[in-house]
Undergrad: 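Got a structure for you, written out below as structure tokens; questions coming shortly.
Scope of the values below: all heavy atoms of this structure, side chains included, with no hydrogens, waters or symmetry mates. Every number for a ligand or one of its atoms is a count from 1 in the order of the listing. None of the values given here were measured: they were computed from a predicted structure.
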Amino acid sequence: MYEKTSANAGTVWPKVNGKVSFWIDQLGPITKREPLPSDISVDVAIVGAGFTGLWTAYYLLQERPDLSVAIIEKEFAGFGASGRNGGWLSAEAPGKMDNYANSRGTEAAVDLQRAMFTTVDEVLRVAQEHNIDDSIQKDGLLYVATNDAQLERLKQRVEDSAQWGWGPDDIGMLNADELAQRVNVQDAIGALYTPHAARVHPGRLVRGLAEVVESLGAKIYEDTAALRIEAGVVHTDRGRVSAKKLGVTLEGYQATLAGRSRRMLPMNSSMIITEPLSEKTWAEIGWHGAETLGDGAHGFTYTQRTADGRIALGGRGVPYHYADSFDWNGRTDERAVKTMIERLNTLFPATQGVPIAHTWTGVLGVPRDWSATVTLNPKTGIGMAGGYVGHGVSGTNLAGRTLKDFILGKDTDLTHLGWVDRSPRKWEPEPLRWLGATTFYRVYEVADAQENKNKTRATSPLANIANTIAGRN
Ligand SMILES: Cc1cc2nc3c(=O)[nH]c(=O)nc-3n(C[C@H](O)[C@H](O)[C@H](O)COP(=O)(O)OP(=O)(O)OC[C@H]3O[C@@H](n4cnc5c(N)ncnc54)[C@H](O)[C@@H]3O)c2cc1C
């Protein structure tokens, strides 16, 4: 437990940088599962052992325990974003509802949102049934405004959400006093609150799920990299996996596979986590529940209070590296660490000088229209799900259930949701992709600074320019 003294004030630099994530590191040494021993043939092959792949396998084997399911994983289950995220299990549908309505009609978009509400409880149910992640707690989600423009946007978001199936019990605004009863955020003037969210420990959830999936009969081959995927076969660096139905669940890593670059931008998101805070510090912060908490800025910050009394905080850091490159083990660059520590200290001044235990970075998948897709090509038997744009912890569960229905050839409510069978256009070739992604995040930073300074309710026009460059309008 950390106690602040004059001697340690200011010594905050992370003790560990990279090493996948704090969540994975906290679980102890990793013993990898056996790689693919030779060419095999199975009913279903899934590529990528993150939440999407694991949930797909889970529901497949719940319904059809007779199927042989192989999961091909380059590193180990949970190595990707699923073992690195902020632990927000939230009912916000990933991506833009307008895009889903435009693709498949308003009703299908609303159905998607309704399915997301129940998805949070579905994950809780499975976690409880199989005794996975006892730190899960459903206390809702707060987006805190610290200036008038942010407050106005959050109010607008609440208003807009009504058209997508959110009722007054699903979402609303808190004034500054109501917010202070839950948590003290410096300069907060109000917040959006929804009860539809839970805090999870991503490492426990993904590792626990992998063990459950294995116990149901799936075979997870780790240290086995897919190199190329074609109808009926996954070519790996260890041999071939033949299967009539394939699920590609690589999210931000898709771009590393032959023939799949430009479909999904591998966007970085970085995190820091403190050592456990003292009772005194928590008393100042006053965050007694497990609400996941974000801000209303364009360069979004997300936080959680962990079950063992730390604050985990994430933000974009360096959002994109040229030509889809990224640090595989998740090292965070110094500027991003500094920015995140500053943000932590600004939101919660009581954390000044608190040591940071770990920093890490992961990649998430961003399609060109910033909206997710679940699909299966009946001709090739190749399915995919992903593009959750940083909101995949719950989305992966719904996507996994949907991909399961596609693989089993079923026509269900899930196979008609708003995000099904979409094919957004590709990202621009380099250097345009890098220029665009770097520019719009830089412009968001300037827009945030402008809104802090201007003290008006209007969103900075620069943010609209950044949204246009990004394709998020
Ligand atoms: C830092 C960070 C914070 C986030 N915070 C949140 C949050 O709080 N809430 C939220 O909802 N979402 C959050 N997200 C997004 C969320 O984590 C992802 O949307 C979700 O985990 C995606 O799961 P996935 O299974 O589709 O992909 P991943 O978990 O990325 O899994 C893909 C897997 O494929 C493997 N792989 C890669 N290449 C190959 C290959 N060639 N062959 C075989 N396997 C391969 C990888 O090792 C990895 O295990 C965050 C993401 C990041 C990076």
Undergrad: Can you tell me which residue and heavy atom of the protein come closest to atom 26 (O) of ligand 1, and the distance to 0.1 Å?
TA: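 Looking only at protein heavy atoms, the one closest to atom 26 (O) of ligand 1 is T52 OG1, 2.7 Å.
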Undergrad: Quick check on contacts: which atoms of ligand 1 are under 4.0 angstrom from a heavy atom of L257?
TA: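 Near L257, meaning under 4.0 Å from one of its heavy atoms, ligand 1 has 41 (N).
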Undergrad: Could you tell me, atom by atom, which parts of ligand 1 come under 4.0 Å of a heavy atom of G87?
TA: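 Near G87, the atoms of ligand 1 are 8 (O).
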Undergrad: Mind checking whether H321 and F326 have ring centres under 6.0 Å apart?
TA: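 No, the ring of H321 stays outside the 6.0 Å limit from the ring of F326, centre to centre.
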Undergrad: At what distance is the nearest protein heavy atom to atom 35 (C) of ligand 1, and which residue and atom is it?
TA: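 Nearest protein contact, heavy atoms only, for atom 35 (C) of ligand 1 is E73 OE1, 3.2 Å.
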Undergrad: Looking just at side-chain N and O atoms, do T361 and N268 make a donor-acceptor pair shorter than 3.5 Å?
TA: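 No.
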Undergrad: For H298 together with F440, are the ring centres under 6.0 Å from each other?
TA: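 Aromatic pair excluded; centres sit 6.0 Å or further apart.
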Undergrad: Can a cation-pi geometry be assigned to K74 and W328, taking NZ or CZ under 6.0 Å from the six-membered ring centre and within 45° of the ring axis?
TA: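 Yes, cation above the ring, under 6.0 Å and within 45°.
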Undergrad: Quick check on contacts: which atoms of ligand 1 are under 4.0 angstrom from a heavy atom of I72?
TA: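 Once the distances to I72 are compared, the set is 43 (C), 44 (N).
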Undergrad: Decide whether an N or O pair under 3.5 Å exists between A226 and ligand 1.
TA: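 Min N/O separation from ligand 1 is below 3.5 Å for A226.
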Undergrad: Counting heavy atoms only, name the option from A49, A197, G392, G387 that's nearest to atom 19 (O) of ligand 1.
TA: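 Checking each option, the heavy atom nearest atom 19 (O) of ligand 1 is found in G392.
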Undergrad: Checking contacts here: is it the side chain or the backbone of T396 that comes within 4.0 Å of ligand 1, counting heavy atoms only? Could be both or neither.
TA: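 Looking at T396 and ligand 1, just side chain atoms fall under 4.0 Å.
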Undergrad: Minimum distance, heavy atoms only, to atom 23 (O) of ligand 1: which one of G386, G50, S82, S270 is it?
TA: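 Minimum heavy-atom distance to atom 23 (O) of ligand 1 goes to S82.
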Undergrad: Hey, are D405 and T412 close enough side-chain-wise for a donor-acceptor pair under 3.5 Å?
TA: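 D405 and T412 do have a side-chain donor-acceptor pair below 3.5 Å.
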Undergrad: Are any of the side-chain heavy atoms of I229 and H235 separated by less than 4.5 Å?
TA: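 I229 vs H235: side chains apart.
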Undergrad: Does one side chain, of S41 or R240, offer a donor that lies under 3.5 Å from an acceptor on the other?
TA: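 Distance-only check fails for S41 and R240.
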Undergrad: Restricting to non-hydrogen atoms, name the atom on P424 and the atom on T373 that form the minimum distance, rounded to 0.1 Å.
TA: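 Closest pair (atom of P424, atom of T373, distance): CD-OG1, 4.0 Å.
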Undergrad: Using only heavy-atom distances, determine whether the side chains of D111 and H416 contain a donor-acceptor pair under 3.5 Å.
TA: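 Note: D111 and H416 side chains miss the donor-acceptor criterion.
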Undergrad: Within the structure, does W88 bring an N/O atom to less than 3.5 angstrom of an N/O atom in ligand 1?
TA: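 It does: an N or O of W88 is found under 3.5 Å from an N or O of ligand 1.
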Undergrad: Numbering the atoms of ligand 1 from 1, which are under 4.0 Å from a heavy atom of F51?
TA: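 Numbered from 1, ligand 1 contributes 21 (O), 25 (O).
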Undergrad: Does R305 make a cation-pi contact with W282, if we ask for NZ or CZ under 6.0 Å from the ring centre and within 45° of the axis?
TA: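 Yes, R305 lies over the aromatic ring of W282.
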Undergrad: Give the residue and atom name of whichever protein heavy atom lies nearest to atom 18 (C) of ligand 1, and the separation in Å to one decimal.
TA: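 Atom 18 (C) of ligand 1 sits closest to the protein heavy atom A81 CB, 3.8 Å.
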Undergrad: Which protein heavy atom lies closest to atom 44 (N) of ligand 1, and at what distance to 0.1 Å?
TA: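 Ranking protein heavy atoms by distance from atom 44 (N) of ligand 1, first comes K74 N, 3.1 Å.
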Undergrad: Could you verify whether a donor N or O on one side chain and an acceptor N or O on the other, from H201 and Q26, lie under 3.5 Å apart?
TA: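 Result is yes, a qualifying pair exists.
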Undergrad: Quick one: is the NZ or CZ of R182 closer than 6.0 Å to the six-membered ring centre of Y193, and within 45° of its axis?
TA: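 Yes, R182 lies over the aromatic ring of Y193.
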Undergrad: Pick one of side chain, backbone, both or neither for how R84 approaches ligand 1, counting any non-hydrogen atom pair under 4.0 Å.
TA: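 The backbone, only.
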Undergrad: Below 3.5 Å, N or O to N or O, backbone or side chain included: is there any such pair between G86 and ligand 1?
TA: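 Such a contact does occur with ligand 1.
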Undergrad: As an exercise, identify every atom of ligand 1 less than 4.0 angstrom from a heavy atom of H391.
TA: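 Answer, ordered by atom number: 10 (C), 11 (O), 12 (N).
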Undergrad: Tell me whether the rings of W287 and F348 are parallel (<30°), tilted (30 to 60°) or perpendicular (>60°).
TA: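 Rings of W287 and F348: parallel, under 30°.
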Undergrad: With a cutoff of 4.0 Å, is G390 in contact with ligand 1, counting heavy atoms of the residue only?
TA: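 It does, in that a heavy atom of G390 comes within the 4.0 Å cut-off of ligand 1.
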Undergrad: If you count the atoms of ligand 1 from 1 in the order shown, which ones are under 4.0 Å from a heavy atom of T249?
TA: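 Selected atoms, number and element: 32 (C).
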Undergrad: Please verify whether a non-hydrogen atom of S90 lies at under 4.0 Å from ligand 1.
TA: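 No heavy atom of S90 comes that close to ligand 1.
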Undergrad: Taking the six-membered ring for Trp and the full ring for Phe, Tyr or His, determine whether the centres of Y143 and W88 are under 6.0 Å apart.
TA: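 Ring centroids of Y143 and W88 are less than 6.0 Å from each other.
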Undergrad: Is W328 close to ligand 1, meaning an N/O of one under 3.5 Å from an N/O of the other?
TA: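 No, since none of the N or O atoms of W328 sits under 3.5 Å from an N or O of ligand 1.
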Undergrad: Using heavy-atom distances, let me know which of G48, A399, G53 sits nearest atom 34 (O) of ligand 1.
TA: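 Of the listed residues, G48 has the closest heavy atom.
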Undergrad: Quick check on contacts: which atoms of ligand 1 are under 4.0 angstrom from a heavy atom of G362?
TA: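 Going through ligand 1 atom by atom, the ones under 4.0 Å from G362 are 53 (C).
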Undergrad: Could you check whether the rings of W360 and H358 sit parallel, tilted or perpendicular, using 30° and 60° as the cut-offs?
TA: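 Judged by the thresholds at 30° and 60°, the geometry between W360 and H358 is perpendicular.
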Undergrad: Less than 3.5 Å apart, any donor N or O on the side chain of Y58 or R401 sitting next to an acceptor on the other?
TA: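 Their side chains do not contain a donor-acceptor pair, so the 3.5 Å distance test is not met.
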Undergrad: Looking at atom 51 (C) of ligand 1, what's its closest protein heavy atom, distance included?
TA: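 For atom 51 (C) of ligand 1, the nearest protein heavy atom comes out as L364 CD2, 3.7 Å.
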Undergrad: Do Y59 and N397 pair up side chain to side chain, a donor and an acceptor below 3.5 Å, judged on atom types alone?
TA: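 Yes, side-chain donor-acceptor contact under 3.5 Å.
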Undergrad: Please work out, at 4.0 Å between heavy atoms, whether the side chain, the backbone, both, or neither of Y388 comes within that distance of ligand 1.
TA: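 The side chain, only.
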Undergrad: Could you find the nearest protein heavy atom to atom 36 (N) of ligand 1 and give me its residue, atom name and distance?
TA: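 Going by distance alone, atom 36 (N) of ligand 1 is nearest to L250 CD2, 3.5 Å.
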Undergrad: Tell me: protein heavy atom nearest atom 1 (C) of ligand 1, and distance?
TA: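 Looking at atom 1 (C) of ligand 1, the protein heavy atom closest to it is S269 O, 3.3 Å.
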Undergrad: Considering distance alone, does some N or O of S394 sit under 3.5 Å from an N or O of ligand 1?
TA: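 N/O-N/O distance under 3.5 Å: no.
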Undergrad: With atoms numbered from 1 as shown, which atoms in ligand 1 lie under 4.0 angstrom from a non-hydrogen atom of A225?
TA: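 Counting atoms of ligand 1 from 1, those under 4.0 Å from A225 are 42 (N).
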Undergrad: Tell me whether V393 has any N or O atom under 3.5 angstrom from an N or O of ligand 1.
TA: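 Yes - when backbone and side-chain N and O of V393 are compared with those of ligand 1, one distance drops under 3.5 Å.
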Undergrad: Among all protein heavy atoms, pick out the one at the shortest distance from atom 27 (O) of ligand 1; state its residue, atom name and that distance to 0.1 Å.
TA: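 Result for atom 27 (O) of ligand 1: E251 CB, 3.4 Å.
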Undergrad: Just to be sure I read this right, does ligand 1 sit under 4.0 Å from the backbone of W360, its side chain, both, or neither, counting only heavy atoms?
TA: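 It is neither; nothing of W360 touches ligand 1.
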Undergrad: Between N85, L54, T56, flag the one that comes closest to atom 17 (O) of ligand 1 by a heavy atom.
TA: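 Going through N85, L54, T56 one by one, N85 has the nearest heavy atom to atom 17 (O) of ligand 1.
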Undergrad: Do F117 and W166 have ring centres separated by under 6.0 Å?
TA: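 Yes, close enough.
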